[in-house]
Amino acid sequence: MNASANVRSLRAAHSHHHLLLRGCSTSLFQTLPILQLIKQCSTPKLLESALAAMIKISQNEDCHLMNQFITACTSFNRLDLAVSSMTQMQAPNVFVYNALIKGFVTCSHPIRSLEFYVRMLRDSVSPSSYTYSSLVKASAFASGFGESLQAHIWKFGFGLHVQIQTTLIGFYSGSGRIREARKVFDEMPERDDITWTTMVSAYRKVLDMESASSLANLMPKKNVATWNCLIDGFTKLGNLEIAESLFNQMPVKDIVSWTTMINGYSHNKRYSEAVAVFYRMTEEGIVPDEVTMSTVISACAHLGVLEIGKEVHMYMVQKRFVLDVYIGSALVDMYSKCGSLERALVIFFNLPKKNLFCWNSIIEGLAAHGCAQEALKMFDKMKSESVKPNSVTFVSVLTACTHAGLVEEGRMIYHSMIDDYSIVSNVEHYGCMVHLFSKAGLIYEALGLIGDMEFEPNAVIWGALLDGCRIHKNLEIAEIAFNKLMVLEPTNSGYYFLLVSMYAEENRWRDVAEVRGKMKELGIEKICPGTSSIRIDKRDHMFAAADKSHSASDEVFLLLDEIYEQMGLAGYVPETENVY
DNA sequence: GTAGGGTTAG
């Protein structure tokens with residue numbers, strides 16, 4: 001039996017079925033005004049009046065109208081309206097059922113979509129390929145359903161339907177079941193380009209690039225999407241050499257190829273190369289799109305070089321790019337990380353649309369720049385505009401509280417996070433709270449919080465406590481924190497110096513000697529200084545604490561002396577008690 | 001209506 005002929009006859013049977021649509025009696029002339037009414041609905045309220053109009057002229061039996069109506073309901077998340085009107089229909093057809101099934105999947109009620117699928121079968125309405133496209137997505141949420149759905153797909157004659165089988169591969173790979181995905185792939189008598197790409201992408205998702213490559217090499221002719229998929233996978237594996245070589249050898253590159261390469265460098269923290277690829281692409285006359293720009297701006301943010309960020313921004317302004325939420329939040333973050341909070345704020349206030357990311361970027365920016373009150377105000381504004389904060393938001397807000405010593409505010413926000421937003425406190429949140437409490441001298445409250453943690457505290461947590469102990473001279477708890485840190489980060493010299501200075505301050509010279517001895521024993525005497533760099537006239541200049549290797553270091557130290565003098569005149573007294 | 005690239009934090 002010729003399988004594809006079988007499929008063709010089944011398809012023919014289905015389109016014949018379409019010709020005999022039940023309930024489609026009204027002429028196009030009559031339905032058009034209501035159809036437009038439905039399509040123009042901008043609020044759920046208007047949707048209800050559209051339904052009323054439909055009932056009034058007794059066109060609620062019209063399947064085409066109902067299909068459009070359900071689609072409109074889906075976009076307003078008002079499937080209750082859709083259900084109540086469609087269940088009253090005498091004979092809903094396959095289009096009506098498909099619209100409702102799809103609606104439930106997109107409104108994240110997959111189980112209800114299954115309910116209407118069952119009802120559809122009971123009603124003897126034959127499913128179409130569209131029905132299964134939606135249902136495959138829904139089955140990701142009901143364990144075991146995928147398997148029985150696959151049986152149905154065969155039963156209703158779509159076992160060899162290329163698109164549905166491809167969707168099925170996508171479904172299995174989405175739930176990490178690569179072997180099942182491959183089984184579907186292997187059993188397909190016909191495959192198109194997308195089928196191959198989907199399977200290669202399935203391997204990429206689990207970073208099995210060996211299988212991805214060998215499958216791609218079996219392709220008669222690799223399409224661009226498959227090349228891009230391989231490049232992306234290798235960059236995520238950290239293998240930029242292979243990614244670069246694939247990028248260089250692919251016959252045709254499109255905008256996705258370039259963007260994937262830029263993103264690949266960024267993923268591997270090679271930000272200047274990411275930006276360099278962007279410049280190379282524009283030099284070769286390729287026009288970037290919004291996706292490219294958001295990755296490039298993100299790379300600029302990590303570079304922290306204001307001049308480059310500004311240049312890329314100006315390019316975007318010149319090319320009249322749309323300020324979408326991706327570009328918007330990347331720009332806000334870039335300007336704030338490059339030190340220009342003013343520009344970040346200007347961008348933020350000029351955004352036509354703001355999502356969670358945009359708000360998070362500006363709140364984080366304000367907090368990082370020490371503007372605690374403004375960060376909190378922005379947080380309130382975000383809530384008043386009905387944007388729901390997530391765990392990232394709370395890290396920034398709590399950080400702001402810590403910087404400004406707002407203990408009560410921080411405590412309230414922390415509890416609101418757990419009680420009002422059902423966000424589980426993670427290491428970072430605990431870190432913020434421990435820092436907040438211990439900096440304010442509430443060492444025992446900080447310690448109690450650490451005791452409440454349902455996972456092992458990390459070095460950041462104990463480090464935060466140790467820092468509080470230093471400020472408030474609590475040697476007893478400092479020793480506890482220090483002992484934990486000795487296990488977690490035994491080679492971090494900072495903790496040793498901190499404890500040594502605390503002992504020295506209380507003239508406990510025996511303890512000082514003991515810690516110093518331990519340091520010598522472990523060979524961690526040297527302080528690893530933090531370095532910083534600055535770009536002047538397209539050259540990067542590196543500096544480290546007490547470093548005199550730079551050619552202009554004489555000048556630099558002269559200037560530093562002058563700055564210290566000025567600061568002293570302004571009444572600044574440096575905190576030197578912990579400089580050992 | 002099925003394939004490949006995007007933003008904050010980590």
Side-chain angles (χ1 to χ4, degrees), chain A residues 98 102 105-106 128-134 136-137 158 161-171 173 191-202 204-205 212 216 219 222-233 235-236 247 250 253-264 266-267 288-302 323-334 336-337 344 347-348 351 353-365 367-368 389-399 426-429 431-432 458 460:
Chain A
N98 283 353
K102 188 184 169 197
V105 175
T106 46
S128 66
S129 61
Y130 285 71
T131 319
Y132 291 109
S133 290
S134 303
V136 168
K137 281 181 202 134
F158 298 105
H161 192 287
V162 180
Q163 282 97 323
I164 293 183
Q165 295 301 310
T166 303
T167 312
L168 208 58
I169 295 174
F171 156 68
S173 97
R191 303 177 189 107
D192 63 11
D193 259 17
I194 299 177
T195 314
W196 284 89
T197 313
T198 308
M199 194 60 229
V200 172
S201 172
R204 180 200 56 147
K205 274 180 201 150
M219 281 179 81
K222 262 179 271 187
N223 59 351
V224 199
T226 303
W227 282 101
N228 294 342
C229 198
L230 292 175
I231 294 172
D232 185 61
T235 66
K236 300 249 152 79
F247 183 74
M250 67 194 293
K253 300 179 196 26
D254 64 7
I255 203 171
V256 179
S257 323
W258 288 93
T259 310
T260 306
M261 227 26 233
I262 294 172
N263 207 13
S266 274
H267 259 283
D289 65 4
E290 277 77 15
V291 181
T292 318
M293 293 321 297
S294 57
T295 66
V296 175
I297 295 162
S298 164
C300 293
H302 287 280
L323 255 189
D324 68 13
V325 286
Y326 290 98
I327 292 181
S329 30
L331 275 175
V332 169
D333 179 58
M334 183 276 286
S336 109
K337 285 216 170 64
I347 299 282
F348 179 78
L351 291 179
K353 270 190 177 165
K354 301 177 182 78
N355 73 355
L356 177 66
F357 282 78
C358 307
W359 287 99
N360 282 356
S361 293
I362 196 68
I363 293 173
E364 143 84 13
N390 69 355
S391 68
V392 176
T393 322
F394 281 101
V395 173
S396 304
V397 175
L398 293 174
T399 306
N426 66 23
V427 208
E428 286 164 273
H429 301 125
C432 288
N458 64 8
V460 177

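Numbers restart at 1 for each chain; the letters A, B, ... are given by sequence-line order, proteins then strands.
- Listed by chain and number, the residues in a salt bridge (Lys or Arg N to Asp or Glu O under 4.0 Å) with Asp232(A) are Arg204(A), Lys236(A) (sequence neighbours excluded).
- Nucleotide dT7(B) holds its P atom 15 Å from the CE atom of Met334(A), rounded to whole Å.
- Atom-to-atom, CZ of Phe348(A) to P of dT8(B) comes out at 16 Å; the value is rounded to the nearest Å.
- Between the side chains of Asn263(A) and Ser266(A), no donor-acceptor pair of N or O atoms lies under 3.5 Å.
- The distance from atom CD of Glu364(A) to atom P of dT7(B) is 15 Å, rounded to the nearest whole Å.
- Shown here are the ring-ring contact (aromatic ring centres under 6.0 Å, His included) partners of Phe247(A), two or more places apart in sequence or in another chain: Trp258(A).
- Backbone-only contact: Lys337(A) has heavy atoms under 4.0 Å from sugar-phosphate atoms and none from a base.
- Looking at residues two or more places apart in sequence or on another chain, you find no ring-ring contact (aromatic ring centres under 6.0 Å, His included) involving Trp227(A).
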Which letter, B, S or -, goes with each nucleotide of nucleotides 1-6 of chain B from 5' to 3', with contact meaning a protein heavy atom under 4.0 Å?
-> BBBBBB
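- Taking the ring-ring contact (aromatic ring centres under 6.0 Å, His included) definition, one finds that Phe394(A) meets it with Phe379(A), Tyr421(A), sequence neighbours left out.
- We find that NZ of Lys354(A) is positioned 19 Å from P of dT8(B), with the value rounded to whole Å.
- Contact annotation for Val325(A): base contact, defined as any heavy-atom pair under 4.0 Å involving a base atom.
- Under the stacking definition used here (centres under 5.5 Å, planes under 30°), the residue Phe357(A) qualifies as stacked on the base of dT7(B).
- In terms of the salt bridge (Lys or Arg N to Asp or Glu O under 4.0 Å) criterion, Lys102(A) has no residue partners (sequence neighbours excluded).
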